[in-house]
Amino acid sequence: MTAAARLFAERGFGAVSTADLGEAVGMTGPALYRHFASKDALLAALLVDASERLLEGGRALVGAASDPAVALEALIGFHVDFATSDADVIRVQDRELANLPGDAGRQVRRLQRAYVQEWDALLAALRPELSDAERQVRLLGVFGLLNSTPHSAPPGVAGVGDVLGAMARRALLG
């Protein structure tokens, strides 16, 4: 799936053949079908997996935190790390989410909503004066910022995570 993410991010889903995918992992293109029913199924697995990892990781951090401020700080660090270490997956999601078959697309969106709800509950506890709409704007802005990193920050730039974390904290907490 890592090779597929890299190829889909570089070329776009439609421009990558099963032969390209097979070659990237040292097998023939048709061998892909031993692992996935189709190229579409591979894309679905890639994006569902990423969304599940974010939700499960986020829930674990929130559950382990001593209070909402600690939990939000942990979520910011977690998502910054994801954005900077799984850049290909984020780029693929940005470009290819619309290409997912119906059930997989709905599953990814459901997982994403649940992940955002984890953040929203914390922000509501920390900033009770914010309306639902104000929290939503702040959260969507932060996700836009963090998820744009793979498109805008060259890999390996020192301090990117620190800058992103500071910007996210400022946007959420004021």
Side-chain angles (χ1 to χ4, degrees), residues 1 4-5 8-9 12-13 40-155 157 159-174:
M1 289 201 318
F8 294 160
F13 176 76
D40 289 339
L42 173 57
L43 177 64
L46 179 70
L47 296 183
V48 167
D49 174 70
S51 296
E52 287 174 339
R53 284 188 289 136
L54 284 168
L55 179 56
E56 290 168 10
R59 283 182 172 162
L61 291 169
V62 170
S66 58
D67 64 56
V70 170
L72 186 61
E73 186 64 34
L75 280 179
I76 291 169
F78 174 68
H79 200 92
V80 165
D81 183 57
F82 185 86
T84 56
S85 64
D86 284 336
D88 288 339
V89 172
I90 289 177
R91 290 190 351 240
V92 170
Q93 180 175 295
D94 286 349
R95 286 191 217 144
E96 308 297 346
L97 185 57
N99 289 327
L100 284 180
D103 288 344
R106 283 188 291 279
Q107 183 179 8
V108 168
R109 286 179 184 86
R110 181 183 51 76
L111 291 164
Q112 289 173 339
R113 280 191 303 276
Y115 181 61
V116 172
Q117 287 170 351
E118 292 291 324
W119 288 66
D120 186 52
L122 297 172
L123 188 56
L126 294 167
R127 298 286 311 271
E129 77 280 7
L130 296 177
S131 69
D132 291 348
E134 289 171 314
R135 286 194 322 273
Q136 182 179 25
V137 167
R138 288 173 186 260
L139 288 166
L140 293 177
V142 165
F143 286 118
L145 166 72
L146 299 179
N147 291 340
S148 71
T149 303
H151 301 286
S152 58
V157 174
V160 168
D162 293 336
V163 170
L164 290 171
M167 292 172 76
R169 279 188 289 289
R170 177 78 172 139
L172 294 172
L173 301 173

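Sequence positions, counted from 1, serve as the residue numbers for this chain. On a predicted model such as this, the values are computed, not experimentally measured, just so you know.
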Enumerate the residue pairs fulfilling ring-ring contact (aromatic ring centres under 6.0 Å, His included) with a member in residues 122-143, sequence neighbours excluded, ordered by first and then second residue.
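Non-adjacent pairs meeting ring-ring contact (aromatic ring centres under 6.0 Å, His included): His79-Phe143, Tyr115-Phe143, Trp119-Phe143.
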Which pairs pass ring-ring contact (aromatic ring centres under 6.0 Å, His included) with one or both residues in residues 40-60, sequence neighbours excluded?
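Passing the test, one end in residues 40-60: no pairs.
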Spatial distance of atom [atom1] ([X]) from atom [atom2] ([Y]) [nearest 0.5 Å]:
{"X": "Phe8", "Y": "Asp88", "atom1": "CZ", "atom2": "CG", "answer": "11.5 Å"}
{"X": "Ser51", "Y": "Gln93", "atom1": "OG", "atom2": "CD", "answer": "5.0 Å"}
{"X": "Ile90", "Y": "Leu47", "atom1": "CD1", "atom2": "CG", "answer": "11.0 Å"}
{"X": "Leu43", "Y": "Phe13", "atom1": "CG", "atom2": "CZ", "answer": "5.0 Å"}

For [X], what residues pass the side chain to side chain contact (heavy atoms under 4.5 Å, CB included) criterion, not counting sequence neighbours?
{"X": "Arg95", "result": "Arg91"}
{"X": "Ser66", "result": "Val70"}
{"X": "Ala74", "result": "Leu61"}
{"X": "Val48", "result": "Glu52, Gln107, Val108, Leu111"}

Residues forming a side-chain hydrogen bond (donor to acceptor under 3.5 Å, both in side chains) with Asp40, sequence neighbours excluded:
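So Asp40 forms no side-chain hydrogen bond (donor to acceptor under 3.5 Å, both in side chains) with any residue.
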Kindly write out the residues that satisfy side-chain hydrogen bond (donor to acceptor under 3.5 Å, both in side chains) with Arg135, not counting sequence neighbours, or none if the list is empty.
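Checked Arg135 against side-chain hydrogen bond (donor to acceptor under 3.5 Å, both in side chains); matches are Asp120, Asp132.
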Student check: side-chain heavy atoms of Leu146 and Thr84 closer than 4.5 Å:
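No - every pair of side-chain heavy atoms lies 4.5 Å or more apart.
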Does anything in residues 53-63 pair up under salt bridge (Lys or Arg N to Asp or Glu O under 4.0 Å), and if so which pairs, sequence neighbours excluded?
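For residues 53-63: Asp49-Arg53, Arg53-Asp86, Arg59-Glu118.
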Can you list every pair that meets salt bridge (Lys or Arg N to Asp or Glu O under 4.0 Å) and has a residue in residues 67-83, with sequence neighbours left out?
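Sorted pair list: Glu73-Arg169.
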Ring pair (Phe, Tyr, Trp, His ring centres under 6.0 Å) involving Phe82 - partner list, sequence neighbours excluded
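Counting only residues at least two positions away or on another chain, Phe82 forms no ring pair (Phe, Tyr, Trp, His ring centres under 6.0 Å).
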Just checking Met167: does its CE atom have more than 12 heavy atoms from other residues, nucleotides or ligands closer to it than 6.0 angstrom?
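Not buried by this count: 12 neighbours or fewer within 6.0 Å.
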Applying side-chain contact (heavy atoms from CB on, under 4.5 Å) to Arg127 and Arg138, what does each step give before you reach the verdict?
CA-CA 11 Å; Arg127 298 286 311 271; Arg138 288 173 186 260; 3.6 Å; yes
Identify, with sequence neighbours excluded, every residue that meets salt bridge (Lys or Arg N to Asp or Glu O under 4.0 Å) alongside Asp103.
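Salt bridge (Lys or Arg N to Asp or Glu O under 4.0 Å) check on Asp103 returns Arg106.
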Under the side-chain contact (heavy atoms from CB on, under 4.5 Å) rule, what do Ile76 and Leu164 come out as? Steps first, then yes or no, please.
CA-CA 9 Å; Ile76 291 169; Leu164 290 171; over 6 Å; no
What are the two closest heavy atoms between Leu54 and Phe78, and how far apart are they?
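Heavy atoms of Leu54 and Phe78 come nearest at O-CE2, 3.4 Å.
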